[in-house]
Participant: 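Have a look at the structure that comes next, please.
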Amino acid sequence: MTQLAAIRPDDWNLPLFLHVLGALALIGTLAVAIALLIGAQRNRSVDTLRSALRSLTLGVIPSWIVLRGSAEWIADKEGWNEVDEPPAWIGIGYTATDLGLLLIVASSVLAWLSLRKARAGETGDPPLPRVAAGLITLLVVLNVVALWAMTTKPASASALPHSQRAC
Amino acid sequence: MTETLLFLHLLSAAVLFAGMAGLSARVLGADVGAGSLRVFYGLWNGGAAGVLIFGIWLALNIDDYGILDAWILTAIVLWAAAGGVVEMALASYRDSTGAVPARAASLHWIGVAMIVLLLADMVWKPWA
């Protein structure tokens with residue numbers, strides 16, 4: 001418990017760094033996407049909607065790729081991929097990221113449809129940006145749960161493959 | 001206790017990154033809006049405060065770490081420098097709606113680089 005870093009091999013550092021950076025960047029870019037989608041809903045601005053779509057495609061999706069790719073890398077380094085029944089915190093992490101991809105794709109499609117309608121000059125009260133912002137908010141909550149699971153590692157003491165911790 | 005502190009430390013880092021991403025979007029020219037910019041500035045400051053408080057608490061809580069360890073002192077210096085640089089940049093675009101001046105944008109990205117370097121310092125723990 002008190003020797004978290006001392007027992008971590010040096011060659012785990014790069015995948016761990018990329019994993020934490022990807023997770024933090026994902027939450028950061030999701031917050032930007034929420035703000036821009038809500039802003040686009042309020043001011044009916046095509047520019048704001050375009051910025052929201054860019055934040056999803058150029059910020060959220062690359063962050064997700066870094067997070068998910070480095071998760072696989074660090075899991076392989078730690079030997080979790082060879083364990084038949086990985087502990088709950090691994091499952092929570094994978095569920096949050098894999099379900100997260102669906103939410104990211106769905107919200108990106110909604111933002112794109114909304115932008116297309118706005119460009120075509122359709123008026124009224126299109127709910128698409130609000131729905132997309134709601135999906136992304138759900139994803140932020142999922143990521144905070146995954147962050148809690150990754151750091152506290154509930155019920156993992158008997159299932160450590162190398163008696164080592166990642167953080 | 002250690003796990004809870006680590007969670008709060010990383011949650012604060014996530015809040016800090018949310019603020020940093022919002023300010024970065026403004027620097028890149030996105031129409032963030034004055035209200036959202038205030039929220040992102042609050043996230044940046046709140047996250048930075050949480051990172052420092054829970055980080056120092058963690059260092060005191062873990063036997064092998066000391067507040068005077070070189071990698072922890074490096075982290076505190078980077079934290080302070082990044083905060084100062086981003087604040088200097090923000091002063092020139094906080095109250096305007098136009099494009100962010102080139103010098104302010106440069107300062108902002110230097111601050112972002114310092115935060116990424118700070119994260120690397122946390123993971124690699126040089127001289128530990």
Side-chain angles (χ1 to χ4, degrees), chain A residues 1-8 10 12-36 38-40 42-43 45-52 54-55 58-60 63 89 140 143-144 146-154 156 165-167, chain B residues 1-40 43-44 47 51 54 58-65 69 71-72 112 115-126 128:
Chain A
M1 205 70 69
T2 59
Q3 298 179 348
L4 299 178
I7 60 171
R8 190 174 66 225
D10 284 345
W12 292 11
N13 285 341
L14 181 60
L16 179 62
F17 169 71
L18 291 174
H19 187 55
V20 178
L21 182 63
L24 296 177
L26 180 64
I27 292 177
T29 50
L30 286 172
V32 172
I34 292 169
L36 290 171
I38 291 173
R42 282 186 183 157
N43 62 23
S45 162
V46 175
D47 285 343
T48 309
L49 205 47
R50 190 181 296 114
S51 294
R54 280 184 184 157
S55 72
L58 301 177
V60 170
S63 299
W89 62 272
V140 170
N143 275 287
V144 171
L147 184 65
W148 168 80
M150 294 285 118
T151 50
T152 60
K153 295 181 172 59
S156 66
R165 308 290 292 268
C167 294
Chain B
M1 180 66 169
T2 305
E3 285 89 350
T4 304
L5 286 174
L6 183 61
F7 168 65
L8 293 172
H9 184 54
L10 276 169
L11 186 63
S12 299
V15 171
L16 184 144
F17 264 70
M20 189 170 77
L23 298 178
S24 298
R26 172 71 180 86
V27 168
L28 287 170
D31 180 19
V32 174
S36 295
L37 194 65
R38 273 196 297 276
V39 171
F40 284 123
L43 292 174
W44 163 262
V51 161
F54 294 118
L58 255 181
L60 296 173
N61 191 256
I62 297 175
D63 295 342
D64 287 350
Y65 299 163
D69 287 356
W71 67 275
I72 293 179
V112 170
I115 292 295
V116 175
L117 206 55
L118 171 51
L119 179 60
D121 177 65
M122 292 281 110
V123 172
W124 269 275
K125 297 178 174 54

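What you see is a predicted model; the values in this text were computed from it and never measured. Every chain is numbered from 1 and lettered A, B, ... according to where its sequence line falls, protein lines coming before strand lines.
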Participant: Heavy-atom pairs under 4.5 Å with chain A: which of Gly35(B), Ala25(B), Ala120(B), Gly33(B) has the most?
Facilitator: Ala120(B)
Participant: Give, for atom CD1 of Ile27(A) and atom CG of Leu16(B), the distance between the pair rounded to the nearest 0.5 Å.
Facilitator: 12.0 Å
Participant: Run the salt bridge (charged side-chain N to carboxylate O under 4.0 Å, His left out) test against Arg54(A) and tell me which residues pass, sequence neighbours left out.
Facilitator: none
Participant: Chain B heavy atoms under 4.5 Å from Leu21(A): which part of the residue, side chain, backbone, both or neither?
Facilitator: both
Participant: Using every non-hydrogen atom in the two residues, find where Phe7(B) and Thr152(A) come nearest and quote the distance to one decimal.
Facilitator: CB-CG2, 4.4 Å
Participant: Quick check on the interface: out of Val15(B), Leu11(B), Leu28(B), Leu8(B), who has the most heavy-atom pairs with chain A under 4.5 Å?
Facilitator: Leu11(B)
Participant: Where do Phe17(B) and Ala25(A) come nearest, in terms of heavy atoms and distance?
Facilitator: CD2-N, 3.9 Å
Participant: So, do Leu10(B) and Val20(A) sit near enough that their side-chain heavy atoms are less than 4.5 Å apart?
Facilitator: yes
Participant: Can you name the closest pair of heavy atoms from Leu24(A) and Ala13(B) and give their distance?
Facilitator: CD2-C, 3.8 Å
Participant: Could you grab the distance from atom CG of Asp10(A) to atom NZ of Lys125(B), nearest 0.5 Å is fine?
Facilitator: 11.5 Å
Participant: Quick one: side-chain hydrogen bond (donor to acceptor under 3.5 Å, both in side chains) partners of Ser51(A), sequence neighbours excluded?
Facilitator: none
Participant: Report yes if some heavy atom in the side chain of Val123(B) is under 4.5 Å from a heavy atom in the side chain of Trp12(A); otherwise report no.
Facilitator: no
Participant: Between Gly22(B) and Val32(A), what is the shortest heavy-atom contact and its length?
Facilitator: N-CG2, 3.4 Å
Participant: Distance check, rounded to the nearest 0.5 Å: Leu6(B) atom CG versus Lys153(A) atom NZ?
Facilitator: 7.5 Å
Participant: Asp31(B) and Ser45(A): which non-hydrogen atoms are nearest, and at how many Å?
Facilitator: OD2-OG, 4.4 Å
Participant: Side chain, backbone, both or neither: which part of Asn43(A) has a heavy atom under 4.5 Å from chain B?
Facilitator: side chain
Participant: If I measure from the heavy atoms of chain A, does Val116(B) come under 4.5 Å with its side chain, its backbone, both, or neither?
Facilitator: both
Participant: So which part of Asp47(A) gets closer than 4.5 Å to some heavy atom of chain B, the side chain, the backbone, both or neither?
Facilitator: neither
Participant: With a 4.5 angstrom heavy-atom cut-off, could you sort out which part of Leu14(A) is near chain B: side chain, backbone, both or neither?
Facilitator: both
